[in-house]
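Lettering follows sequence order; numbering is per chain, from 1.
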Protein chains: 2
Amino acid sequence: MDLIYMRSFLEVARCQSFTKAAENLGYVQSSVTAQIQKLENEYGVVLFERYGRSIRLTSAGEQLHDTFERILQIYDDSKRLIARQAKGNLEIGTIESLMAFYLPPLFHRFLQSFPDINLQVNPLVEAAILQSVRNGHLDLGIVIDLPITDNDLESIIIRQEPLVLVAKPEHPLGSTDRIDIAELEGQFLITTEQGCTYRAAFERLLGQHGVTYHIHHEFGSLEAIKQCVSYGLGIALVPHIAVIRELAEQRLVTLPFVHPDITFYTQIVHHKKKWLNPAIRHLIELLTETDDVAVAPGSVALQTARYGQ
Amino acid sequence: MDLIYMRSFLEVARCQSFTKAAENLGYVQSSVTAQIQKLENEYGVVLFERYGRSIRLTSAGEQLHDTFERILQIYDDSKRLIARQAKGNLEIGTIESLMAFYLPPLFHRFLQSFPDINLQVNPLVEAAILQSVRNGHLDLGIVIDLPITDNDLESIIIRQEPLVLVAKPEHPLGSTDRIDIAELEGQFLITTEQGCTYRAAFERLLGQHGVTYHIHHEFGSLEAIKQCVSYGLGIALVPHIAVIRELAEQRLVTLPFVHPDITFYTQIVHHKKKWLNPAIRHLIELLTETDDVAVAPGSVALQTARYGQ
DNA sequence: GCGTTTCCATCGAAAAAAATGATGATTGCC
DNA sequence: GGCAATCATCATTTTTTTCGATGGAAACGC
């Protein structure tokens, strides 16, 4: 009897749905069916009454719901208890935008579970991150990129990362409904540094459509870019999370530009051969569980990211 | 994380030995090693300090020992709780000797876990048992036989069943050290009925060695056989368990006769296709767990008899 | 009412995990 | 120093799990 069956059971009960539970857990629906059937066999009872559309716990199911919660509680507690005693270093690399707007609360939560782990976070450009992960200098990398496929590297997609084109509030393109690529002709771009994948993709896209543009500045610092944009020195392509506050305060506006080629993903990268100790696994779990993954190309994310138990 | 790992862990801790734990659990030693290693990986700690010969729990191991006990306790309780609510019939067949001397306490324990199961036990001769199990009239058969191999039937060996040749206390052969088959020449045998496998094997053995003998009576009843033997009407081959009391009270003595061809096993037989509901599984567990299995041909017994979890 | 969609179950194939048996290394024992 | 016992490791086989595709049944929308 595997503990994951119990977790699946609880999730099915919570969602009142095999399908939803499967999605949340990163399984295919038939797998969840199979898992529940295992439980049902093991106990020799039916756990869910399957009506046409909806399901309901049987009385045995309710009794066991309780049991499973208790068991998993104890188990999870024991994991935490042991984890708290873990010592060591955990070195990760990530890009500035994630470092600044996404990761801090997660790191905070991580350190609550692993107070004695020395977590070192290096802000780097993506190429450096991938290289350091590959040669083992970093335990983990967190980047924004197209889905990474690599012989040495394993990538776990966390979520699609919306990128937005921002401009100062009075920008002429801001009032249109939808911007065609051609309309970007002649614009001044404030860009992140060379080597930034989404900058590269954006420039490539413009180039393919014969759109000419001016690079205004190349900044490593997002803060600087936002400042320049808000002063009207140009427009910039940045992760949505990086400008949420500025948008809310109307110091910046998004330009209604979308294009499938600029569909990027926040992803965790680690060496395929690397043994993931509980600290690393926990961090990955934190990263993956936070966001509902509504990702385009299959639910690669959660399926790859099932650790533990 | 599978609950069986926790059980293995506890057993290893209890036995202070991987090897012994493996034997008790019906695993091979390397499997237990692998299971403990899984736990160790999962928690990222070493659970046992391996000294040269002996092992000892680490501090993390001790903490988890507690945890696992609690989890398994809850789990087992939940199994029992659900089991108590099980209703239905469970029809088994067995031979008289087992029915009289071995099974009653087990049935008693079984009914404590499954009070609402209607357990019906039919005393039959072995051939009838096998046939009824084959055609589905019986859920389970418990017999004494050579290891059964059958296309339709699954056999689970519980233990080797010592058979002894008994005689009245003053019997002349009783004083010898070791009886050769030839010495049985001319003896009067009190036998169980036709169709009894160990009787058949015994007679075959005598026949092969050209030993002539007299059948004195054919009884279905062990009680009658024992009476006849104690009155000196002949000798009899019976399961040791059936005459323990008589031997203790010195109303009978065993004759020092052993022969490899009369190595019999108490075994559970069920149809291969049959789905074993929790009640049946529990009964099988009770039957298998009671005895330390010190069985000659591999540990078929426990290996076949691992149900649940 | 009738197609459509939404669910869960089933099935075969592929992938992953577990168990085994043989072997090796280490330690303690005589 | 050889022997026996014990746990680890490895390759292989067996079993289990997962996936993906399909099917059927019930609700939904028009």
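- Residue A/Ser31 places none of its side-chain N or O atoms closer than 4.0 Å to OP1 or OP2 of D/dT17.
- B/Ser78 and A/Tyr43 share a donor-acceptor pair across their side chains, judged by distance under 3.5 Å alone.
- Between the CD1 atom of A/Ile55 and the C1' atom of C/dT6 there is a distance of 13 Å, rounded to whole Å.
- In this entry the distance linking CZ of A/Phe18 with P of D/dC19 reads 16 Å, nearest Å.
- Between B/Gln267 and B/Glu161, the side chains place no donor N or O within less than 3.5 Å of an acceptor N or O (distance only, hydrogens not considered).
- Look at A/Thr33 and you won't find any side-chain N or O under 4.0 angstrom from OP1 or OP2 of C/dT10.
- Looking at A/Gln29, its side chain comes within 3.5 Å of the base of C/dA9 through a donor and an acceptor atom.
- At D/dT17, one or more side-chain N or O atoms of A/Lys38 fall inside 4.0 Å of OP1 or OP2 (strictly under the cut-off).
- In this structure, CD of A/Gln16 is placed 19 Å from P of C/dT6, rounded to the nearest angstrom.
- Side-chain N/O atoms of A/Gln35 and A/Ser8 include a donor and acceptor closer than 3.5 Å.
- Using a 4.5 Å cut-off on side-chain heavy atoms (C-beta onward), B/Val133 and B/Leu153 make contact.
- One finds a side-chain N or O of A/Gln35 lying less than 4.0 angstrom from the OP1 or OP2 phosphate oxygen of D/dT18.
- Look at B/Tyr5 and you'll find a side-chain N or O under 4.0 angstrom from OP1 or OP2 of C/dA18.
- Rounded to a whole Å, the CD1 atom of A/Ile36 is 11 Å from the P atom of C/dC8.
- The side chain of A/Tyr27 places no N or O atom within less than 4.0 Å of a non-bridging phosphate oxygen (OP1 or OP2) of D/dC19.
- Using a 4.0 Å cut-off, no side-chain N or O of A/Arg50 falls inside it from OP1 or OP2 of C/dC7.
- Figure legend: B/Arg159 and B/Tyr102 shown as a cation-pi pair, the cationic atom lying under 6.0 angstrom from the six-membered ring centre and within 45 degrees of its axis.
- For the OP1/OP2 pair of C/dC8 and a distance below 4.0 Å, the side-chain nitrogens and oxygens of A/Gln37 include no atom meeting the criterion.
- Under 4.0 angstrom from either OP1 or OP2 of D/dA8 there lies no side-chain N or O belonging to B/Ser30.
- Across all strands shown, B/Ser17 has heavy atoms under 4.0 Å from sugar-phosphate atoms exclusively, and none from any base.
- Rounded to whole angstrom, the span from the CG atom of A/Asp2 across to the C1' atom of C/dA18 amounts to 12 Å.
- An OP1 or OP2 oxygen of C/dC7 is reached within less than 4.0 angstrom by no side-chain nitrogen or oxygen of A/Thr19.
- Put simply, CD on B/Glu42 is 14 Å from C1' on C/dA17, counting in whole angstrom units.
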